[in-house]
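Atom set for the values below is all heavy atoms of this structure, side chains included, hydrogens, waters and symmetry mates excluded.
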Amino acid sequence: MGIYLNPGNKGFRTILNGIYVDKTGLIDFINRTINTPQKLTSFSRPRRFGKSFAAKMLCAYYDKSCDSRSLFEGLEIANKDSFEKYLNKYDVIYLDITWFIARSKNKGENVVLDIQTAVIDELRKAFLNCVDEDETFLPDALLSVSHNVGNQFIVVIDEWDAIFREAKNDDALQKEYIQLLRGLFKGGTATDETIAAAYMTGILPIKKYGTESALTDFHEYTMVAPDTLAPYVGFTGQEVIELCEKYSFDFERMKHWYDGYSFENLDSVYNPNSVMNAISRGAIRNYWTSSETYESLKNYISMNFGGLKDDIITMLGGKRVRVVVSTFQNDVTSFNNKDDVLTLLIHLGYLGYDAASERTFIPNQEVSDAYADAVREEEWKDVGDLIRQSEDLLEATLHGNEEAVVDALERVHALNSSVLQYNNEASLSSAIMIAYYTARRIYKIVPEFPQGKGFADLVFLPRRGSDKPVMIVELKYDKDADTAIRQIHENRYEGDLKKYFGNLLLVGINYDKDAKGVNAKRHSCVIEKV
């Protein structure tokens, strides 16, 4: 048992001692790829989404230097036909690339050499007389072992893309690293002899050079297309329901804060790190985004690409925007347009992605708060001020202070006319969603809410535990606020909201683009308590 060769099962044993959700079905997936043309798997997802947990689980299962049977008894994999066939049957090479970068004395300059030296040293000790003393190329060292003793290896690489993120401007190091990976996994007959299967995990998909992948033999699963591996991206809705029942936690609050990622045939995926922290600490707060500063998000959304800021503002308003993900080069430096930036944010977990509609969106309250922090900088001052003003607007509305609502809307509109474009009722709706940004912490805001004879423009439904009233907001453009209130009554919107106890506020808002005079106000508001 070594550090990089056959690291044992202690890592997975520690994981099982905490809050654990059974993800061992991933093992069965990898088992079905062993010694097949599909044996090379790359599975990328955001930080704190369980990547290292999965890597340690795979090491514990395959590592022939230990007995892991008791660790997997009662878990999903134990019921699979492949369980006995591959349990503790392989030599495992485990590489945590961030560890090698951290231990490097030259800021990662010699990290590729360090990786090979460390593993080859352990191979020499474990397989005597199989690896030449002057051997420095890891693929040749593995081939020599396989050729002499017949052993195949399972290779598990955690944070495989760390070099592209940490040494993002060191092209020479990146190319040296890719050449090592190509030697390991594109060796033809040599790879077939030495590698039974490989599993790489990281944040970014495999680096592209032009339109070509640097490692074409890998089968990739990403936040854009997780496909079969979607249930292993994070926690599923059912898994979170079971956790909340087991630990007596409020599921609705958990969903609002940490849900929002969705894929084909899997509508609900949660941030696992945040869910586990909320349960262990007994409190809902920003766990994932607080684990690093918002600097990276701020830098990316502030890039000077046409339409990027407008798209971010649209998503802050609760809407989705179209994105082209195919041009992204899978690194953190090669940006050619706003779509590349948005695609990176999808892979980082700062945006969700709907492949069917090719649209992206801000997934949940936790991530939304990260954007609220990021837009406090100078270049986003107009949007940051707007979000801060939204607190005054909500308070004025809840207190039925029509004049204060009008004044708040006027201030919001004056902050930056480019942020809130009012040219029809649809754009007015989007603008109002941003203006009431703060309300999302205590309300679920539903646009086009089906009620009575029609659809309410916006309905604010109080979240569980809130004592706030339901609000029905009807918007008009170049008409008047009284007309909006009258439409609410005519359509009997309030009739189907009886399950919500307490007061009901009817809010009519009109925007008059042709308001004249120095003191003229473009907005008008009528609030009626039911």
Provide the closest heavy-atom pair for Ile195 versus Asn35 in the form atom of the first, atom of the second, distance.
-> O-OD1, 3.9 Å
Over 12 non-hydrogen atoms of neighbours within 6.0 angstrom of NZ in Lys64 = yes
Looking only at side chains, do Gln329 and Asn336 share a donor and an acceptor under 3.5 Å apart?
-> no
On a heavy-atom basis, the closest approach of Lys319 and Phe361 is O-CB, 4.5 Å
Please list, one pair per line, the donor and acceptor atoms closer than 3.5 Å that link side chains of residues 260-270 to other protein atoms, with sequence neighbours excluded.
unit_1	atom_1	unit_2	atom_2	d
Tyr261	OH	Gly349	O	2.6
Ser268	OG	Asp259	OD1	3.0
Ser268	OG	Asp259	OD2	2.8

So which heavy atom on Ile203 is nearest to which on Pro46, and how close?
-> CG1-C, 4.3 Å
Heavy-atom neighbours of Asn17 CG exceed 12 at 6.0 Å = yes
Just wondering, do Ile93 and Phe153 contact through their side chains at under 4.5 Å, heavy atoms?
-> yes
Name the orientation class of the two ring planes belonging to Phe328 and Phe335 (parallel below 30°, tilted from 30 to 60°, perpendicular beyond 60°).
-> parallel
Side chains of Thr343 and Tyr353: is there a donor and an acceptor less than 3.5 Å apart?
-> no
Does Phe53 reach the side chain of Lys23, with side-chain heavy atoms less than 4.5 Å apart?
-> no
Listing, residues 118-127 side-chain donor-acceptor contacts under 3.5 Å, not counting sequence neighbours, or none:
unit_1	atom_1	unit_2	atom_2	d
Asp121	OD1	Arg124	NH1	3.3
Glu122	OE1	Ile3	N	3.4
Glu122	OE1	Tyr4	N	3.2
Glu122	OE1	Leu5	N	2.8
Glu122	OE2	Ile3	N	3.0
Glu122	OE2	Tyr4	N	3.4
Arg124	NE	Asp132	O	3.1
Arg124	NH2	Asp132	O	2.9
Arg124	NH2	Glu133	O	3.0
Arg124	NH2	Glu135	O	3.0

Nearest atoms (heavy-atom pairs only) where Thr41 meets Leu229 | CG2-CD1, 4.4 Å
Mind running ring pair (Phe, Tyr, Trp, His ring centres under 6.0 Å) on Phe29 and Tyr221 for me, showing each step along the way?
-> CA-CA 13 Å; Phe29 173 85; Tyr221 302 84; 5.6 Å; yes
Answer yes if the side chains of Asp331 and Ser334 hold a donor-acceptor pair under 3.5 Å, and no otherwise.
-> yes
Is there a donor in the side chain of Gln365 and an acceptor in the side chain of His256, or the other way round, less than 3.5 Å apart?
-> yes
Heavy-atom pair with the smallest gap, counting every atom of Lys207 and Trp160 | N-CH2, 3.8 Å
Where Pro7 and Tyr94 come nearest, the two heavy atoms and their spacing = CG-CB, 3.8 Å
Have Asn31 and Ser82 got a donor and an acceptor in their side chains that come within less than 3.5 Å?
-> yes
Cationic tip of Lys309 above Trp380 ring, under 6.0 Å, 45° of axis | yes
With distance as the sole criterion, is a donor-acceptor pair present between the side chains of Ser357 and Asp354 under 3.5 Å?
-> yes
Under 3.5 Å, is there a donor-acceptor pair linking the side chains of Asn9 and Ser68?
-> yes
Examine Arg441 relative to Trp257 and say whether NZ or CZ is less than 6.0 Å from the centre of the six-membered ring and inside a 45° cone about the ring axis.
-> no
Any side-chain donor paired with an acceptor under 3.5 Å for Lys186 and Thr216?
-> yes
